[in-house]
Amino acid sequence: MIKIEDLFAKTNGGLDIILSYYPQAGECLDSRKPFRMRNERTPSAYIKRFGEIWKVTDFGDDAHAMNAIDICMKEEGRNFREAICILADRFGVSETLSANINKAEITTRPATKDEQEGDFCYEKRDKFTDKELEIWGPKVKQEHLDALSYVPLISYTKTSKDRETGLLKTTTIASTETYPIFMRLCNYQDGDQQKHFVKIYQPLNPDKAFRFFYNGAKPKDFINGLTELQANYKQYNEADRIAFEGDPLNEGRPYKVKKLQAACICSGERDAVNCLANGYYPLWLNSETVPFTEQMYKDVMKCVETLYNIPDKDETGIRRGRELAFKYIDIRTASLPDWLSDYRDNRGRPRKDLRDYVELRSSKHDFEDLLKTAMPVRFWENTLSDNGVMRIEINTAYYINFLSMAGFGRLADPLTKEEYLVKVDGSVVKKVTAKDIRQYVIAWLRERREDIKVLNVILNSNRTKASTMDDLPLLNLSFSHCESDRQFFYFKNLCVEVTGEKLLEHKANDMNRYVWENDISQIHYRRTAPSFDFRRESEDMWSILPMNIKSHYFRYLINASRIYWREELEQRASQMSEENARYNEANKFNICGARLSYDEQQEQMQNLAAKLFAIGYLLHRHKDQARAWALWIMEDKISNDGESSGGSGKSFMIKFLESIRNILFLGGKNKKLTENQFLFQNVTESTDVIWVDDADQHFDFTFFYDKITGSLETNKKHVDSNVMDFTKSPKFAFTSN
């Protein structure tokens, strides 16, 4: 946690913060002159330095002297911890981990003759320091860490084989004040045997991947906290049974085993300890990739009435939380608030987990509120009617939660603001109807083989019809697929990130971006060898070096750039047909044939370079006001006035790109094209290119000037006109004879 003293030291005793809220106070620093904090006739606020700290006293309010943190709390409605975090972020007061500061003391020596490969030992302390407790969380005490078998380590030592020499070495990793090391003794039952392994936890390791180290054999299906939960369950029932049997009123009555009220699945060590500090039994797996098995679920539910899951507020956590919720439909999933990501942790990343939440909202009341809003995927309940009949009813709040967890929601069109229903599956978004949603629910119930009575409730209830869909959450999704230096392409099997230097392949669901289902190319992406390389000969001269001509499209581009083909293949042909045949076969797709002069070769290469540049421009969705260009493709042929020619593949150059770009086609032969007030009614933010094909000699190109260089008005019939910002509007391409 950031210290108040550090915040004040970095901000001139808080003065910089105060002036960011009340710049008018700057004129009153060296005088007893008051200033106005609000719209008032007579100024009533004073700023004064108390020791090293600046404060403001508002005699028009409660006359209480407020420091910079108090002012942030007042002006922005933040609590104390939130105010410190948000001010530290704004004014650069960082607790970011550093490899130069947060590091252990490491010593290595040759192993002794008694030390064997794999040997492990440790030296511990009995008590955690106040600073170490603060690292765990704001309410964590020694008793909570004791309950989960955590101890602070002075050091741990391991013997291993040196990779370079092959000799055994013994390494000791010692904790420091800026690099604490903790250990948990993990006990488990293996048949009749009680076993254990140890888990080393180094929370301030700057490299997040190396925070944990294990020694001993981990069982495949191990739940941290389960042993402790089972022990508490047994202890609770033992005490309750003794009390029950000691009551004379219960004589002759059998004792019924009772479950504990609740437990929480947490996402990691510190989340778990903070959960316990708030009065709930924690459970956690060794990593997010470990599955929560049927047996694990049964073992837990033997002990508790209710099981909560508190996943991280990031893509992985939300996805895993949904998977768990749909696998075990009675688990109640608690959703951490969206505002949590507004704050940064000590790694400079958005905050996302339970430990972050309790640091900012540390009262037990806040923790209870978090669990109070947790809901299961099961959206039906058995209720007892007034006449004592048990019946199944839909819980509307649970039903909306079920649909939301399944990926359904509302989305507003960025242009028209019109709302429509969508389903989000990973990173893929598609429009749906209320009927589609209802059919999804019915199919889901049938797939699970739920009781026919539940299905009947769905079929007969008005709560599952269109009006309920208005209560689905309004989603805020980013459909941006480009940045100034990169472009993302979505294929049916992968998402491909392209920059000027490299090409990266991603699983689409691993990207924090969304894509419309219709915008995904149906091509099965497979990486091939590069088709060409290039080098810059001068400011306006490029050499294209073909490397792989297996691509038919690249072959087409080469041959469409051979403007001296007649000179090469006809006028300079050999008198010997066999020699011509050999030459033609060897130079089918050669931009620099031997029969061409150097200047002719260079001109053909510039022609090919221009095509490649133009295609790259159209494929990159990013738009730059300084490069507000349109692409014009025409014949490399001088014709008499009024004449036109075709068949050279101009249209194919653009049409081929339809497999990976959304292209809106407009017929250039239509003489009244530019008179159509609804010409761009089919343009959306998914439209990448507007292609005007086959424009004739009288085509009104000036009509498109402001559309190319500025915003684009998209009039639709019976709908108010909308203006698409330049950065969101498509690029233009024209073909003409």
(request) Compare every heavy atom of Asp70 with every heavy atom of Ala65, then report the nearest pair and how far apart it is. (result) O-OD2, 4.2 Å
(message) Go through it in stages, so that I can follow the logic: the residues are Asp61 and Lys74, the test is salt bridge (Lys or Arg N to Asp or Glu O under 4.0 Å), and I'd like the CA-CA distance, side-chain angles, deciding distance and then a yes or no.
(response) CA-CA 12 Å; Asp61 192 0; Lys74 173 186 173 72; 3.1 Å; yes
(message) Could you report the tightest heavy-atom contact between Glu76 and Arg90, atom names first, then the distance?
(response) OE2-NH1, 2.6 Å
(message) Are there over 12 heavy-atom neighbours, none belonging to Phe210, within less than 6.0 Å of that residue's CZ?
(response) no
(request) Kindly say whether Glu82 contributes a backbone atom to a donor-acceptor pair with the side chain of Asn79 at under 3.5 angstrom? (result) yes
(message) Can you tell whether the side chains of Glu315 and Arg319 come within less than 4.0 Å, N to carboxylate O?
(response) no
(message) Once rounded to the nearest 0.5 Å, what's the spacing between atom CG of Leu472 and atom CG of Leu411?
(response) 12.0 Å
(message) Under the criterion side-chain contact (heavy atoms from CB on, under 4.5 Å), I'd like the reasoning laid out for Asn67 against Ile4: C-alpha separation, chi angles, the key distance, then a yes or no.
(response) CA-CA 11 Å; Asn67 64 28; Ile4 304 172; 6.0 Å; no
(message) Run the side-chain contact (heavy atoms from CB on, under 4.5 Å) test on Asp89 and Tyr343 for me, step by step, so that the C-alpha distance in whole Å, both residues' side-chain angles and the decisive distance to 0.1 Å come before the verdict.
(response) CA-CA 8 Å; Asp89 189 47; Tyr343 301 87; over 6 Å; no
(request) Looking only at non-hydrogen atoms, find the nearest pair between Met375 and Ala397 and report the distance. (result) SD-O, 3.6 Å
(message) Counting C-beta onward and ignoring hydrogens, is there a side-chain heavy-atom pair between Tyr399 and Val441 closer than 4.5 Å?
(response) yes
(message) Can you confirm whether Cys264 sits close enough to Leu371 that some side-chain heavy atom of one is under 4.5 Å from a side-chain heavy atom of the other?
(response) yes
(request) Examine the side chains of Ser267 and Asp353 and answer whether a donor and an acceptor come within less than 3.5 Å of each other. (result) no
(request) Please determine if Glu134 and Lys131 form a salt bridge, counting it only when a charged side-chain N lies under 4.0 Å from a carboxylate O. (result) no
(message) Among Phe379, Trp380, Trp444, which residue satisfies the side chain to side chain contact (heavy atoms under 4.5 Å, CB included) criterion with Ile458?
(response) Phe379
(request) Supply the atom-to-atom distance Leu204 CG to Ser175 OG, rounded to the nearest 0.5 angstrom. (result) 11.0 Å
(request) Go through Leu283 and Asn224 one step at a time and tell me if the side-chain contact (heavy atoms from CB on, under 4.5 Å) criterion holds. (result) CA-CA 6 Å; Leu283 302 163; Asn224 291 283; over 6 Å; no
(request) Taking all non-hydrogen atoms of both residues into account, name the closest pair between Thr468 and Asn462 and its distance. (result) OG1-O, 4.0 Å
(message) Determine whether a donor-acceptor pair (N or O, by modelled atom type, separation under 3.5 Å) exists between the side chain of Tyr201 and the backbone of Arg270.
(response) no
(request) Using a cut-off of 6.0 Å, state whether more than 12 heavy atoms not belonging to Asp62 lie near its atom CG. (result) yes
(message) Are the side chains of Lys256 and Phe244 in contact, using a 4.5 Å heavy-atom criterion?
(response) no
(message) Are there over 12 heavy-atom neighbours, none belonging to Asp190, within less than 6.0 Å of that residue's CG?
(response) yes
(request) Flag yes if more than 12 heavy atoms outside Glu447 fall under 6.0 Å of its CD atom; otherwise flag no. (result) no
(request) Drop me the distance from Leu226's CG to Lys302's NZ, to the nearest 0.5 angstrom. (result) 10.0 Å
(message) I'd like to know if the side chain of Ser404 and the backbone of Asn401 have a donor-acceptor N/O pair within less than 3.5 Å.
(response) no
(request) Measure the shortest side-chain to side-chain distance between Phe213 and Val198 over non-hydrogen atoms and say whether it is less than 4.5 angstrom. (result) no
(message) Side chains of Gln261 and Tyr281 only: does a donor on one sit below 3.5 Å from an acceptor on the other?
(response) no
(request) May I ask you to check whether Tyr156 and Tyr122 place their ring centers less than 6.0 Å from one another? (result) no
(message) Pair Lys313, Asp338 - check salt bridge (Lys or Arg N to Asp or Glu O under 4.0 Å), show working.
(response) CA-CA 8 Å; Lys313 195 73 175 181; Asp338 292 336; 3.2 Å; yes
(message) Enumerate the ring-ring contact (aromatic ring centres under 6.0 Å, His included) contacts for residues 218-239, please, sequence neighbours excluded, ordered by first and then second residue.
(response) Phe197-Phe222
(message) Regarding Asp16 and Lys10, does a basic nitrogen lie under 4.0 Å from an acidic carboxylate oxygen?
(response) no
(request) Measure the spacing between CD1 of Ile86 and CZ of Arg81 and express it to the nearest 0.5 Å. (result) 16.0 Å
(request) State, with a plain yes or no, whether a side-chain heavy atom of Arg351 is found less than 4.5 Å away from one of Arg344. (result) no
(request) Using a 4.5 Å cut-off on heavy atoms from C-beta on, say whether the side chain of Leu370 contacts that of Leu354. (result) yes
(request) Measure the shortest side-chain to side-chain distance between Tyr514 and Leu475 over non-hydrogen atoms and say whether it is less than 4.5 angstrom. (result) no
(message) Tell me the closest heavy-atom pair linking Arg448 and Lys327, and the distance in Å.
(response) NH1-O, 4.5 Å
Throw together a table of side-chain donor-acceptor distances under 3.5 angstrom for residues 135-151, partners on residues two or more places apart or in other chains.
from, atom 1, to, atom 2, distance (Å)
Lys139, NZ, Asn278, OD1, 3.1
Gln142, OE1, Phe128, N, 2.8
Gln142, NE2, Asp126, O, 3.4
Gln142, NE2, Asp146, OD1, 3.0
His144, ND1, Lys141, N, 2.9
Tyr150, OH, Glu269, OE1, 2.3

(request) For atom NZ of Lys259, decide whether the heavy atoms of other residues, nucleotides or ligands shown that lie under 6.0 angstrom number more than 12. (result) yes
(request) For side-chain contact (heavy atoms from CB on, under 4.5 Å), just list the numbers for Leu336 and Lys352, CA-CA rounded to whole Å, side-chain angles, deciding distance to a tenth of an Å, and then say yes or no. (result) CA-CA 8 Å; Leu336 293 168; Lys352 62 171 185 175; over 6 Å; no
(message) Ring centres under 6.0 Å, that's the criterion: do Phe326 and Phe402 meet it?
(response) yes
(request) Test Asn232 against every option in Val304, Thr227, Leu260 by the side chain to side chain contact (heavy atoms under 4.5 Å, CB included) rule and name the one that passes. (result) Leu260
(request) Please determine if Lys199 forms a cation-pi arrangement with Tyr214, meaning its NZ or CZ atom is less than 6.0 Å from the six-membered ring centre and no more than 45° off the ring axis. (result) no
(request) Taking atom types as modelled, find out whether Thr293 and Lys298 have a side-chain donor-acceptor pair closer than 3.5 angstrom. (result) no
(message) Tell me if a side-chain donor or acceptor on Asp314 pairs with a main-chain N or O of Gly317 at a distance below 3.5 Å.
(response) yes
(request) Please determine, by modelled atom types, if Gln295 and Asp299 share a side-chain donor-acceptor pair under 3.5 angstrom. (result) yes
(message) Would you say CZ of Arg125 has more than 12 non-hydrogen atoms from neighbouring residues, nucleotides or ligands within 6.0 angstrom?
(response) yes
(request) Check for a donor-acceptor pair, side chain of Arg211 on one end and backbone N or O of Lys208 on the other, with a separation under 3.5 Å. (result) yes
(request) Show your reasoning for whether salt bridge (Lys or Arg N to Asp or Glu O under 4.0 Å) applies to Glu305 and Lys258. (result) CA-CA 9 Å; Glu305 293 286 352; Lys258 297 178 182 177; over 6 Å; no
(message) Do Tyr297 and Asp330 make a side-chain contact, defined as non-hydrogen atoms from C-beta onward lying under 4.5 Å apart?
(response) yes
(request) Find the distance between SG (Cys85) and CG (Asp342) and round it off to the nearest 0.5 Å. (result) 11.5 Å
(request) Verify whether one side chain among Asn250 and Tyr255 offers a donor that lies under 3.5 Å from an acceptor in the other. (result) no
(message) Ignoring hydrogens, what is the shortest heavy-atom contact between Pro350 and Asp345? Give both atom names and the distance.
(response) O-OD2, 4.5 Å
